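Below: one structure, written as structure tokens.
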Amino acid sequence: MKKVLTIAGSDCSGGAGIQADLKTFSAHGVFGMSVIVSVVAENTSRVIDIQDVRPDMIEKQIDAVFEDIDVDAVKIGMLSQPDCMEAVAGKLKQYAPANIVLDPVMYAKNGCPLMNPDAIDTLIEKVIPFANLLTPNIPEAEKIAGMSIHNVEDMKKSAEAIYRMGCKNVLVKGGHASGSALDILFDGERFYTFDAQRIDTKNTHGTGCTYSAAIASNLALGCSLQEAVHRAKEYITTAIRHSLAIGKGHGPTHHFYELYQNGLKNGAEINNGQ
Ligand SMILES: Nc1ncnc2c1ncn2[C@@H]1O[C@H](COP(=O)(O)OP(=O)(O)O)[C@@H](O)[C@H]1O
Ligand SMILES: Cc1ncc(COP(=O)(O)OP(=O)(O)O)c(N)n1
């Protein structure tokens, strides 16, 4: 069985973070493992408080996994402070795992910051160079690339700027744009588009977490990057289509093991382009 590790924050309400990642891993039939970087008291409406795990405890969790288990892919989510980023970066250097997917989480859907804004330089200098794939949404791509994004051309320019920071591939996600749900992948040479119908729902808590965890799962399963993104786009679109009206705010995506295993029967049409 393929084994995938998430290094991220815990969302006690189950829609995002470590919890969304582990549900996604199970739906893909891979063995999920987790290193908790922050404990977030949050729900579908608000973030109440954040407690960061001590950097040495983050390192020990990573050691515990890697000294014992071969890891086929790593998904990295919320890293709230420079010292957690440095702890994670040091261990990525030490263990050099394959297939690192980095979701540079900065804000929750309700606008609450999940990353200290002063940590962005550390993210860029210390963590981004380890990523095989970086998956910023539009506000995150704007912050990392230091530019405004108004259209698809701007998404492409931001992907090129972020690529120059040392990650191997960049996927700028269009969930925060208008029109169809268009994401752009840049591999340093070419752009690839992944386009799906925008679903009219407020229940999109955990979309970015789910998408990056699905990409990491598919890479662990041996897919090429383009195929991994294509399959993950089907997964997230279907997970949003079947999202759950749980809680009073933005409800979570649905991890539909049977639907997925049966070939996304009610699944999504994804248009790929270059
Ligand atoms: N309403 C929607 N309908 C269909 N796809 C969506 C919708 N909202 C987001 N997506 C897709 O979900 C994935 C996660 O994107 P996004 O919401 O931008 O990430 P994040 O959760 O990090 O803000 C992307 O593939 C995006 O295109
Ligand atoms: C613990 C934790 N990690 C990440 C997020 C953000 O999740 P994401 O899928 O990027 O987007 P929203 O859930 O905010 O829509 C989170 N909320 N909590």
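No experiment lies behind these values; they were computed from the predicted model shown.
- What you find for Val172 and Ser158 is that their closest heavy atoms are CG2-OG, 3.8 Å.
- Residues Asn218 and Tyr235 bring no donor and acceptor atom of their side chains to less than 3.5 Å of each other.
- A side-chain donor-acceptor contact under 3.5 Å links Ser243 to the backbone of Asn203.
- Hydrophobic cluster membership is shared by Val127 and Ile62, with clusters built from Ile, Leu, Val, Met, Phe, Trp and Tyr side chains linked at under 4.5 angstrom.
- A donor-acceptor pair under 3.5 Å is formed between the side chain of Asn99 and the backbone N or O of Asp72.
- In terms of hydrophobic clustering, with Ile, Leu, Val, Met, Phe, Trp and Tyr side chains grouped at heavy-atom distances under 4.5 Å, Ile100 and Phe25 are assigned to a common cluster.
- Using the six-membered ring where Trp is involved, Phe66 and Tyr95 have ring planes that are parallel, under 30° apart on the 30 and 60° scheme.
- The two residues Ser13 and Thr44 come nearest to each other via the heavy atoms OG-N, 4.3 Å.
- Looking at every heavy atom in both residues, Arg54 comes nearest to Asp56 through NE-OD1, 2.8 Å.
- In this structure, the side chain of Thr237 does not engage the main chain of Glu234 through any donor-acceptor pair within 3.5 Å.
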Run the side-chain contact (heavy atoms from CB on, under 4.5 Å) test on Leu225 and Asp187 for me, step by step, so that the C-alpha distance in whole Å, both residues' side-chain angles and the decisive distance to 0.1 Å come before the verdict. CA-CA 9 Å; Leu225 181 63; Asp187 66 3; 5.5 Å; no
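- Across all their heavy atoms, Gln19 and Ser10 have their closest contact at NE2-OG, 2.9 Å.
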Checking Ile50 against Met78 for the side-chain contact (heavy atoms from CB on, under 4.5 Å) test, could you report, in this order, the C-alpha distance in whole Å, the side-chain angles of both residues, the deciding distance, and whether it holds? CA-CA 11 Å; Ile50 299 173; Met78 174 185 175; 3.9 Å; yes
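- Using a 4.5 Å heavy-atom threshold, the side chains of Ser80 and Leu114 count as separate.
- In the hydrophobic clustering of this structure, Ile149 does not group with Val105; members are Ile, Leu, Val, Met, Phe, Trp, Tyr whose side-chain heavy atoms approach within less than 4.5 Å, directly or through other members.
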Could you list the donor-acceptor pairs under 3.5 angstrom formed between side-chain atoms of residues 245-253 and any protein atom two or more places apart in sequence or on another chain?
unit_1, atom_1, unit_2, atom_2, d
His250, ND1, Lys202, O, 2.6
Thr253, OG1, Thr210, OG1, 3.3
Thr253, OG1, His255, NE2, 3.4

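- Looking only at side-chain heavy atoms (C-beta outward), Pro136 and Val170 come within less than 4.5 Å of each other.
- Put simply, the side chain of Val229 does not reach to within 4.5 Å of the side chain of Tyr192, judged on heavy atoms.
- One hydrophobic cluster, built from ILVMFWY side chains closer than 4.5 Å, holds both Leu102 and Ile162.
- Annotation: side chain of Met115 is in contact with side chain of Ile120 (closest heavy-atom distance under 4.5 Å).
- No side-chain donor-acceptor contact under 3.5 Å links Lys156 to the backbone of Ile184.
- Salt-bridge formation is not detected for the pair Asp70/Lys3: no Lys NZ or Arg NE/NH1/NH2 atom is positioned less than 4.0 Å from an Asp or Glu carboxylate oxygen.
- With a 4.5 Å cut-off on side-chain heavy atoms, Asp52 and Ile58 do not count as touching.
- Contact of the Lys75 side chain with the Ser217 side chain is not registered, since no non-hydrogen atoms from C-beta on lie closer than 4.5 Å.
- The heavy-atom pair separating Phe31 from Met1 by the smallest distance is CB-SD, 3.8 Å.
- Val47 and Leu79 are not part of a single hydrophobic cluster, where members link through side-chain heavy atoms under 4.5 Å apart.
- Side-chain contact between Gln197 and Arg241: present, with at least one pair of heavy atoms (C-beta onward) separated by less than 4.5 Å.
- Within 6.0 Å of the NZ atom in Lys168, the count of heavy atoms belonging to other residues, nucleotides or ligands exceeds 12.
- Salt bridge annotation for Glu227-Arg231: present, with a cationic side-chain nitrogen under 4.0 angstrom from a carboxylate oxygen.
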Hey, mind stepping through Glu142 and Ser148 against side-chain hydrogen bond (donor to acceptor under 3.5 Å, both in side chains) and telling me if it holds? CA-CA 5 Å; Glu142 289 182 323; Ser148 301; 4.8 Å; no
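- Counting heavy atoms from C-beta outward, Pro104 and Ile144 have side chains that approach closer than 4.5 Å.
- Across every non-hydrogen atom of Ala41 and Cys12, the tightest pair is CA-SG, 4.0 Å.
- Between the side chain of Ser26 and the backbone N or O of Lys23, no donor-acceptor pair lies under 3.5 Å.
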Where do Val101 and Leu171 land on the side-chain contact (heavy atoms from CB on, under 4.5 Å) test, with the steps shown first? CA-CA 10 Å; Val101 179; Leu171 178 66; over 6 Å; no
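- When only modelled atom types and interatomic distance are considered, Asn116 and Gln81 share a side-chain donor-acceptor pair under 3.5 Å.
- In this structure, Gln61 contributes its side chain and Ile36 its backbone to a donor-acceptor pair below 3.5 Å.
- When atom types are taken as modelled, the side chain of Asp11 and the backbone of Ala16 share a donor-acceptor pair closer than 3.5 angstrom.
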side-chain contact (heavy atoms from CB on, under 4.5 Å), that's the test. Do Met85 and Val88 meet it? Break it down for me. CA-CA 5 Å; Met85 293 175 182; Val88 171; 5.9 Å; no
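- Put simply, the side chain of Lys173 gets close to the backbone of Thr135: a donor and an acceptor are under 3.5 Å apart.
- Counting heavy-atom neighbours within 6.0 Å of Glu160 CD, excluding the residue itself, gives a total above 12.
- A distance-only check finds no donor-acceptor pair linking the side chain of Arg198 to the backbone of Leu182 [under 3.5 Å].
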